[in-house]
Every structure is written in C-alpha cells, then in structure tokens.
2 protein chains.
Amino acid sequence: MARKPTPLREQTRTVVRSLLARTAVELFAAKGYDDTTLDEVAAAAGVSRRTLFNYFRNKEDLALGGLSEQGELIAARFAERPADEDAWASLRAAFQVLEEIGMTAERRLEMITLLFGNEALRAGHAEKQARWQDLLAPLIEPRLPDSDRRALQARAIAAAAITCLQAANEEWARLGGQVDLFDLYDTAVRAIRRPA
Amino acid sequence: MARKPTPLREQTRTVVRSLLARTAVELFAAKGYDDTTLDEVAAAAGVSRRTLFNYFRNKEDLALGGLSEQGELIAARFAERPADEDAWASLRAAFQVLEEIGMTAERRLEMITLLFGNEALRAGHAEKQARWQDLLAPLIEPRLPDSDRRALQARAIAAAAITCLQAANEEWARLGGQVDLFDLYDTAVRAIRRPA
DNA sequence: CACACTCGTGCACTGAGTGTAAATTGCTTC
DNA sequence: GAAGCAATTTACACTCAGTGCACGAGTGTG
C-alpha cells in the first residue's frame with residue numbers, strides 16, 4: 001500500500017505542471033511578463049485561473065518553475081563525487097548536470113531574455129540560486145580542512161561558484177549562445193582564484 | 001538661478017523619505033512584513049497611502065530603501081582608491097564605507113532579521129546587491145591584465161567579493177553581531193582564493 | 001449503492017500598485 | 001503682500017495577484 005501511493009496521479013500532475021509552465025513561458029516571451037495576466041495564461045492552457053495556483057505558488061514560479069529542482073539535481077550530483085576530490089572540481093562536475101537536461105539553446109536563451117527583462121524575475125532567480133547554497137554548503141563543509149568558521153568557508157565557496165556560473169551564463173547569453181558555457185565558467189573561476 | 005534650484009523642497013523630500021522608511025521598518029519588524037498593510041504604514045506616518053508611492057516604487061523598496069544608495073557609496077569609494085592597488089584590496093576598502101554609515105548594530109540586526117523572514121525581501125535584497133556588480137565591474141575591468149574576456153573576469157570578481165560580504169554578513173547576524181564583520185569577510189575571501 | 005477522497009472551479013474578498021483629476025502647498029515675481 | 005506657477009498630496013476608481021471557502025464532478029472502495 002505504501003509502496004505505490006499514487007503513481008498515476010503524480011505522473012499526470014507532473015505532466016500538467018510542465019504543460020502549464022510551458023504555456024506560460026510562451027505567453028510571457030510573446031507579450032512580456034508584466035503584460036500577461038494569469039487569466040490569459042489560464043485561458044490559453046484551458047484551465048481556470050484558480051487551478052494555476054494549484055500547481056504553482058505564484059506567477060513568478062510559473063516562470064521560474066524548474067530552478068529549485070535544478071538546485072537539487074546539482075546537489076545530488078555533487079554528493080556522488082568522490083569525497084577526496086577538490087571541492088571546486090566537484091562543483092564544476094555537478095554544474096554540468098545542467099547541460100544534460102533536455103533543454104535547447106533556444107529555450108535557454110528565451111528564458112534568460114525573459115529574466116533580464118524583468119526585475120522581479122531577476123530577483124526571484126537570484127534568490128532561487130542563493131538557495132542552492134543551502135544545499136551545497138553542507139556537502140562542501142566536510143571536505144574542508146579543520147578550522148573554526150568552516151561553515152562560513154563552505155558557504156562562501158558555494159556562493160562564489162554559483163556566482164561564477166551566473167556570470168558565465170550572463171556572458172553566454174550576451175554572446176548569443178555561440179560559445180561554450182564552461183569555457184566561460186572556467187575563465188570566471190580562474191579570475192577570482194588566481195592569486196595575482 | 002541654476003545654483004540652488006530647489007534646495008528646500010529636496011531637503012524635505014529626503015527627510016520625509018527616511019521618516020517613512022523608518023516608520024515602515026518599525027512596523028514590519030513589529031508585525032511582520034506580510035502582515036503589515038501599506039494602509040497601516042501610511043496611517044502610522046500620517047500620510048495617505050498614495051503618497052507612499054510618491055516616495056517609494058513599491059512595498060519592497062520601503063523596506064530595502066537604502067540598498068541601491070549603498071551600492072553607489074561603495075562604487076564611489078572604490079573609484080577613489082589608487083589605480084594600481086589590487087582589486088581585492090580596493091574592494092575591501094570600499095566595502096568599509098558600510099561601517100561608516102551611521103547605523104547601530106541593533107538596527108542592522110533588525111534589518112537582517114526582517115530580511116531572513118521573508119522570501120520576497122530576500123529576493124529583492126539579492127537583486128539589489130547583484131546590481132552592485134553593474135557599478136563595480138566597470139571600475140575593476142581596467143585594473144586587470146589585458147586579455148579577452150576581461151569584462152567577464154571583472155564581473156566575476158565583483159560578484160564573488162559581494163558574495164563574500166553577503167556570506168560574512170549572514171554569519172555575523174547568526175552570531176548576533178558579536179564578532180568583527182571584516183574578520184568574517186577576510187575568512188570568506190581567503191576560503192575562495194586560497195589555491196588549496 | 002453508499003462512502004470518502006481528490007481535484008477543478010466559481011465566487012467573494014484582501015491588498016498592492018496605477019491613472020487621473022481636484023485640492024493644497026511651496027516658491028517666485030511683480 | 002498678492003497673484004501665479006509648479007510640485008505635492010490626496011481621494012477615487014480601477015486592474016491584477018493571491019487566498020479562503022464551498023460546491024460539484026470523477027474515482028476508487030466497502
């Protein structure tokens with residue numbers, strides 16, 4: 001009984017959820033985030049406005065849907081890395097799950113364009129990524145040499161790495177997705193870690 | 001004529017603005033951000049709700065008022081530093097303007113508590129600090145050795161430094177403000193820059 | 001067939017944020 | 001000091017995001 005509580009229900013729920021998000025993002029991209037009402041999204045998806053809130057906490061989540069999820073993927077991948085690997089190397093490897101997600105360059109550019117165009121969305125995005133720290137820092141901490149303030153150090157490393165990814169991502173979008181994201185990421189990391 | 005265009009008007013405006021922000025933050029701290037309506041803030045400040053929007057763009061700005069301003073202060077201080085100084089040293093010096101602002105440790109703790117308690121505020125805060133990058137990166141860039149991707153490098157450095165400040169600030173608040181903020185900041189910076 | 005349980009939906013409500021036009025206030029000029 | 005101009009305040013009406021609630025449809029169970 002407890003084995004498979006509602007496998008089918010959950011499945012449909014996931015499908016509907018991603019369908020709604022997809023519809024919403026299309027509309028946002030076409031008309032702009034602020035100029036798209038939830039009534040319109042609901043109508044386009046053939047569902048009631050009230051139901052949107054059944055699947056998403058708020059309008060922002062409708063646009064940023066996958067981000068929390070991505071954080072969990074990254075953390076999971078990090079946890080799989082050998083415990084004696086350098087934290088930065090593990091982080092880099094963990095971030096690469098993002099490339100494995102089935103997401104075309106076009107869609108990613110669309111997303112980033114959406115994000116840059118709206119302050120509230122940028123804010124939500126920044127916050128979501130900041131929450132990645134909460135997942136990663138505890139995993140980094142045991143890899144650091146003993147010292148007080150290890151928690152702070154772990155958090156700083158997580159935050160800095162995420163920040164580099166973010167900077168690389170922005171640059172990548174600015175260049176129209178024509179370069180390799182991880183080349184940019186490596187450049188960013190080297191820039192902050194180089195003793196010079 | 002152009003010498004003193006509206007010295008008195010602007011003065012009152014600044015005073016009223018900080019009075020409103022002060023009133024708002026007090027209420028937010030007392031009742032919680034979400035449970036405080038703008039009607040209440042307006043009433044407490046003896047002003048109409050509509051007027052609040054004359055001074056602040058939105059509820060969030062009422063709470064985070066000073067942050068953009070702080071970014072400008074930091075950038076200004078950075079610009080004053082000798083051009084051949086190491087960027088990280090200049091950044092550290094620039095951040096210290098924050099200690100010079102007349103703001104008691106109590107008030108800062110109050111602020112941070114407010115911030116941690118609300119997701120939207122955390123998001124707004126993160127975004128505001130991310131905008132500091134836009135001010136700092138162009139100042140950092142000319143200090144870097146020639147290379148392509150210098151813009152990206154500058155942005156990464158700015159972002160990482162801000163992130164360290166942020167991590168230090170969180171830790172500082174968690175410890176109840178009993179330690180020196182810049183000790184924590186230095187620890188964070190060392191953690192990410194040490195080649196180990 | 002009766003039951004519980006879930007899910008979508010309509011309805012009514014609160015609160016943030018905006019446009020507008022009238023009233024008020026501060027500042028300048030004669 | 002009075003008249004006139006510009007900025008500010010305010011009330012009013014409106015849109016939209018978000019929430020609570022209760023009803024009804026669909027499904028699975030005894």
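Chain naming here is simple, since letters A, B, ... match the order of the sequence lines and numbering starts at 1 in each.
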Any donor-acceptor pair under 3.5 Å linking the side-chain atoms of Q166(A) with those of E170(A)? yes
For L52(B) and dT18(C), give me the distance from atom CG to atom P, rounded to whole Å. 13 Å
Per the atom types in the model, does the base of dG17(C) pair as donor or acceptor with the side chain of R49(B) at under 3.5 Å? yes
In whole Å, I'd like the distance from the CG atom of D39(B) to the P atom of dA16(C). 7 Å
Scan D61(B), V47(B), N58(B) and name whichever one has a side-chain contact (heavy atoms from CB on, under 4.5 Å) with L52(B). V47(B)
Here the distance between atom C1' of dG18(D) and atom CG of L62(A), to the nearest Å, is 13 Å
Is the closest side-chain heavy-atom distance between L62(A) and Y55(A) below 4.5 Å? no
d(CG, D35(A); C1', dT15(D)) in whole Å: 13 Å
Would you classify N54(B) as touching base, sugar-phosphate or nothing, given that sugar-phosphate means primed atoms plus P, OP1 and OP2, and contacts are heavy atoms under 4.0 Å? base
Tell me the interatomic distance from K59(A), atom NZ, to dG15(C), atom P, rounded to whole angstroms. 21 Å
If only side-chain N and O atoms of T51(A) are considered, is one of them under 4.0 Å from the OP1 or OP2 phosphate oxygen of dT9(C)? yes
Looking at every strand, decide which applies to Y55(B) at a 4.0 Å heavy-atom threshold: base, sugar-phosphate, or nothing. sugar-phosphate
Separation of dC16(D) C1' from K31(A) NZ (nearest whole Å): 13 Å
Regarding R57(A), tell me which of base, sugar-phosphate or nothing describes its non-hydrogen contacts under 4.0 Å with the strands shown. sugar-phosphate
Answer yes or no: side-chain N or O of R50(A) and base N or O of dG20(D) forming a donor-acceptor pair under 3.5 Å. yes
To the nearest Å, how far apart are F53(B) CZ and dA11(D) P? 15 Å
Show the numbers, then the answer: is there a side chain to side chain contact (heavy atoms under 4.5 Å, CB included) between R190(B) and Q153(A)? CA-CA 8 Å; R190(B) 269 196 310 270; Q153(A) 293 173 20; over 6 Å; no
Specify the separation, in whole Å, of atom CG of L20(A) and atom C1' of dT9(C). 14 Å
Kindly indicate whether the side chain of E60(B), heavy atoms from C-beta on, has any atom under 4.5 Å from the side chain of E127(B). no
